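All values reported here derive from a predicted model rather than from experimental measurement. Sequence lines set the chain letters: A, B, ... in the order given, protein chains first and strands last, and positions in each chain run from 1.
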2 protein chains.
Amino acid sequence: MRPERRTVRDLRRGNRAVLLRALYFAGPTSRHELTALTGLSAATVSNVTGDLLADDIIVEAGLVDSDGGRPRVLLRVNPTYGFAIGVDVGETHVRVELFDLDMNELAKSEFALRPGAHEVDVVVRHILTGIEAVVADSGVPPSKVLGIGVGVPGIVERGPEAMIHAQTFGWDSVPLGTLLRAGTPFPLHVDNGAKTMGQAEMWFGAGRGSRHAVIALIGSGVGASIIADGTTYRGANSSAGEWGHTKIAIGGRGCRCGGRGCLEAYIGAEAVLERAGIDFNTSTEQAAFADLVASGSPVIDETVEYLGAGLANLINLFNPERIVVGGWAGLLLGQHLLTTIKQKAAENCLTQPFSTASIVLGRLGPDAVALGAATLVVDEFLLSTTSASVSREPAVS
Amino acid sequence: MRPERRTVRDLRRGNRAVLLRALYFAGPTSRHELTALTGLSAATVSNVTGDLLADDIIVEAGLVDSDGGRPRVLLRVNPTYGFAIGVDVGETHVRVELFDLDMNELAKSEFALRPGAHEVDVVVRHILTGIEAVVADSGVPPSKVLGIGVGVPGIVERGPEAMIHAQTFGWDSVPLGTLLRAGTPFPLHVDNGAKTMGQAEMWFGAGRGSRHAVIALIGSGVGASIIADGTTYRGANSSAGEWGHTKIAIGGRGCRCGGRGCLEAYIGAEAVLERAGIDFNTSTEQAAFADLVASGSPVIDETVEYLGAGLANLINLFNPERIVVGGWAGLLLGQHLLTTIKQKAAENCLTQPFSTASIVLGRLGPDAVALGAATLVVDEFLLSTTSASVSREPAVS
DNA sequence: GTGACTTTTTTCAAGATATAGACTATGTAT
DNA sequence: ATACATAGTCTATATCTTGAAAAAAGTCAC
């Protein structure tokens, strides 16, 4: 069925990946501790770390004094072994950022988009220009760029084409992968923005330490990223997690997707503002929503009711240990009303799964899409580093 | 992080499992074909099959003539190497069945439960009596019983206690694993009945061949089994897939779980009959429901509307390649109204994920819970057969 | 029948791996 | 200085998978 490990050489590759990943997430660690973290024997840890040191993928990071014994040598991933570029394609902007492996931002390039106008060629040009700009600005040699991660709205098909379907964004079957690959030599990973943001929260934010989680993202629209057993769940065609258009009311309010009764039509910021009868445009949306939340309007009460039910549905279906509420609107709601949200979720959820799930706010703010996109590159790096050159095989989406 | 493979010996164990699983699901297969199916080299296939033959886990199954060449020897899993017992704990009965590895039913034992009365000690006694009965009836030596799988209503916590929480069944925190282990020496696996039935449909029914699927079960109550990448998704505490109590209408109809607006309150057979104002008791429920479906009542139209929306929510969230509609009420609805159900699902679903999901009816009928429970045992068997004795390590739930 | 040919399966030597346990390195304590 | 403690490395060993060669078990033409 699934290939898994076969030869004795895959064994090494796997153990190398396990060790590198442990080192990446645990930070500076001695060889001795690594035996416990990885389950490998001391001899193997010594061997594998030897390889990784020779490849300059990890470096020594000082000593730890001991009370009577040889001091431990700390090891860590070499933050400048390679660099990852993250791209955030949003409603109002294209943002390109370059990070080292510690996820320090070394350069940034941003382009505004006219609201409602996301011509494909314009976005592609911005992305490519941005990539060149951040590489130039940071002074990172192109050979050390491990790859590019791109977070976009809508559904992203897996595969080298990275076909994108985004109704509300006005993109229908756009082969973004093909378009970008024509303009840049770097390995490319394209994914839905909610999923990249979810991975950012899992790695560096409120999701840390959990293996089963859902990151709920509430902005103008509504999405979710589902983490099953530590990895982003994608389903058969990578569209899993389309929470915003699940039905919460049969024949209910109309949604911008064309359907009726979608959750997004009740808790998406755009829909909430419309329901409250507030005029706004894209540039004033966040401020208007913030005012509305602070005002204690009954529309917000209703929004919280629906949000609680929507979260309860996620808990019933996915049984996560943690729900992270993020997105700019989600953070605004949560900062004021988290207790009420939890209460409404409890009322609409089975007691057993609710009792084992904690609901928390996102920690990374609403702009972590690019960071998350860059983690796609790092994830691939941690999974398969051969000792050969940096960019060895053409990455696929 | 996760342990995975380590030593060179685990490699063999893994390849052995891969090969055995391929053989189990592909049926009689030659060594040559197995190289393609498993990706292993001919030499390794020869080695591993040699081991398995020596252990009597697989057997030769005839020759295939060739046109000019050595004929292929077919291999298959030895159906009488071991036997699995499946138990179905339902609303109205406890059913115990014993299967060989080909899932031929060799013996069966059934006990009626008084509707609404599921005292724990009575159920436990029935299960244990049933186990002894099927072993005796089949003449299978106890040493060849690989284990027992039990499918029960409600949420089953993982772990040796197999703690069960089933509100509608009247069981609150029942340590069924502990209770059963006190009365039987066989390795035990306890799981939710919807999940065991889902696995049965995946292995032998309408789910075959798909890796991402949802089995929707509609009977008196409503449940689902989610198959993610070929295995049952359980979430953090094994309660994932509680579809029946997701909210489809805020502040809607009351549900027997105590909540309001649950999907089950709209499409569960019990709720549908109540809504139609039909009197029934447990023994007449299925007939009454069948009559109602055939009558073309507007209540059924409404039920189909909600069912379509519920399925659409599953497709949006999980992006399966296949949805299997099962359970006795689901099968009745589907036989008459599958086209309408699909149409309602399409109306309530994003087009992209809907277009890649097929909605089909279950093939195993409503009584496959015990079969599915027995597959839990076989699954474990395929995963880890040491060459030692049959029951080597205490299984855990 | 027999030799040539074909296809499947097994055998064998080679290369690679993880591990246990012996051993070395590098400290502190007295 | 010496004893002790802890971290890390080295060595011998038992496995493993694999490619290539060899063997096995047929068919086919004559």
Side-chain angles (χ1 to χ4, degrees), chain A residues 3-20 22-23 26 28-54 58-76 386-388, chain B residues 3-20 22-23 26 28-54 58-76 386-388:
Chain A
E4 302 268 332
R5 304 287 152 69
R6 270 185 290 277
T7 165
V8 79
R9 230 155 177 171
D10 300 311
L11 203 55
R12 170 76 93 165
R13 221 196 323 278
N15 283 339
R16 184 178 160 117
V18 165
L19 202 150
L20 188 58
L23 210 44
T29 312
S30 72
R31 291 175 178 79
H32 196 69
E33 289 172 89
L34 283 172
T35 63
L37 260 70
T38 61
L40 297 169
S41 70
T44 300
V45 169
S46 194
N47 276 337
V48 176
T49 53
D51 282 2
L52 290 168
L53 279 166
I58 65 175
V59 291
E60 298 194 346
L63 301 183
V64 167
D65 288 347
S66 76
D67 31 24
R70 179 173 170 174
R72 287 179 270 195
V73 178
L74 295 181
L75 301 172
R76 57 170 303 181
T386 55
S387 47
Chain B
E4 302 269 332
R5 304 288 152 66
R6 269 185 292 276
T7 165
V8 77
R9 228 157 177 169
D10 300 311
L11 204 54
R12 169 77 94 165
R13 221 194 325 278
N15 284 340
R16 184 178 160 117
V18 166
L19 202 152
L20 189 58
L23 210 45
T29 313
S30 72
R31 292 174 177 81
H32 196 67
E33 290 174 88
L34 283 172
T35 62
L37 260 71
T38 61
L40 297 169
S41 69
T44 300
V45 168
S46 191
N47 278 337
V48 176
T49 53
D51 281 3
L52 290 168
L53 279 166
I58 66 176
V59 292
E60 299 193 345
L63 301 182
V64 166
D65 289 346
S66 75
D67 32 23
R70 180 173 173 173
R72 287 177 271 196
V73 178
L74 295 181
L75 301 171
R76 57 170 301 180
T386 55
S387 46

Q. Do the side-chain N or O atoms of B:R12 get closer than 4.0 angstrom to the phosphate oxygens (OP1, OP2) of D:dT17?
A. yes
Q: For C:dA18, take OP1 and OP2 only and decide whether either is under 4.0 Å from a side-chain N or O of A:N15.
A: yes
Q. Is B:V73 touching bases, backbone alone, or none of the nucleic acid, heavy atoms closer than 4.0 Å?
A. sugar-phosphate
Q | Rounded distance in Å - CZ (A:R9) to P (D:dT17) | A | 15 Å
**Q.** Atom pair distance, as rounded to whole Å: CZ in B:R72 and C1' in C:dT10
**A.** 18 Å
Q: Calculate the interatomic distance between B:L19 atom CG and D:dT17 atom P; express it in whole Å.
A: 11 Å
Q: Round to the nearest Å and state the distance from B:L11 atom CG to D:dA14 atom P.
A: 19 Å
Q) To the nearest Å, how far apart are A:L34 CG and D:dA7 P? A) 13 Å
Q.
What is the distance, to the nearest angstrom, from the CZ atom on A:R6 to the C1' atom on D:dT15?
A. 19 Å
Q: Could you check B:L74, B:T49, B:V73 and say which one makes a side chain to side chain contact (heavy atoms under 4.5 Å, CB included) with B:E60?
A: B:V73
Q: Indicate the atoms forming the closest heavy-atom contact of A:V45 with A:L19, along with that distance.
A: CA-CD1, 4.1 Å
Q | Which atom of A:D10 lies closest to which atom of A:R13, heavy atoms considered | A | OD1-NH2, 2.7 Å
Q.
Under 4.0 Å from OP1 or OP2 of D:dA23: is there any side-chain N or O of B:R70 that close?
A. no
**Q.** Proximal nucleotide (of C:dT26, C:dT8, D:dT18) relative to the B:L40 side chain
**A.** D:dT18
Q) Any idea which heavy atoms bring A:R76 and A:L23 closest together, and the distance? A) CA-CG, 4.2 Å
Q) A:N47 CG to D:dA12 C1': how many Å, rounded? A) 14 Å
Q: Among the candidates C:dT9, C:dG27, D:dT9, find the nucleotide nearest to the side-chain atoms of A:S46.
A: D:dT9
Q: Could you pick out which residue, B:L74 or B:G69, lies toward the 5' side of DNA chain C when each is mapped onto its nearest nucleotide?
A: B:G69
Q) More 5' along DNA chain C: A:P71 or A:A42, using each one's nearest nucleotide? A) A:A42
Q. What nucleotide, of D:dC16, C:dT19, C:dT9, holds the atom closest to the side chain of A:V8?
A. D:dC16
Q) In terms of side-chain heavy atoms of B:R31, which of C:dG15, C:dT9, C:dT19 is nearest? A) C:dT9
Q) How many Å lie between CD on A:E60 and C1' on C:dA25, as a whole number? A) 14 Å
Q. Does the side chain of A:T7 get closer than 4.0 angstrom to OP1 or OP2 of D:dT18 through an N or O atom?
A. no
Q: Indicate whether OP1 or OP2 belonging to D:dG19 is found under 4.0 Å from a side-chain N or O atom of B:S41.
A: no
Q: Measure across B:L53 and B:R31 and return the closest heavy-atom pair with its distance rounded to 0.1 Å.
A: CD1-NH2, 3.4 Å
Q: State, to 0.1 Å, how close B:R72 and B:S30 come at their nearest heavy-atom pair, and which atoms those are.
A: CD-OG, 3.4 Å
(Q) Taking the minimum atom-to-atom distance to the side chain of B:T44, which one of D:dT17, C:dA18, C:dT26 wins? (A) D:dT17
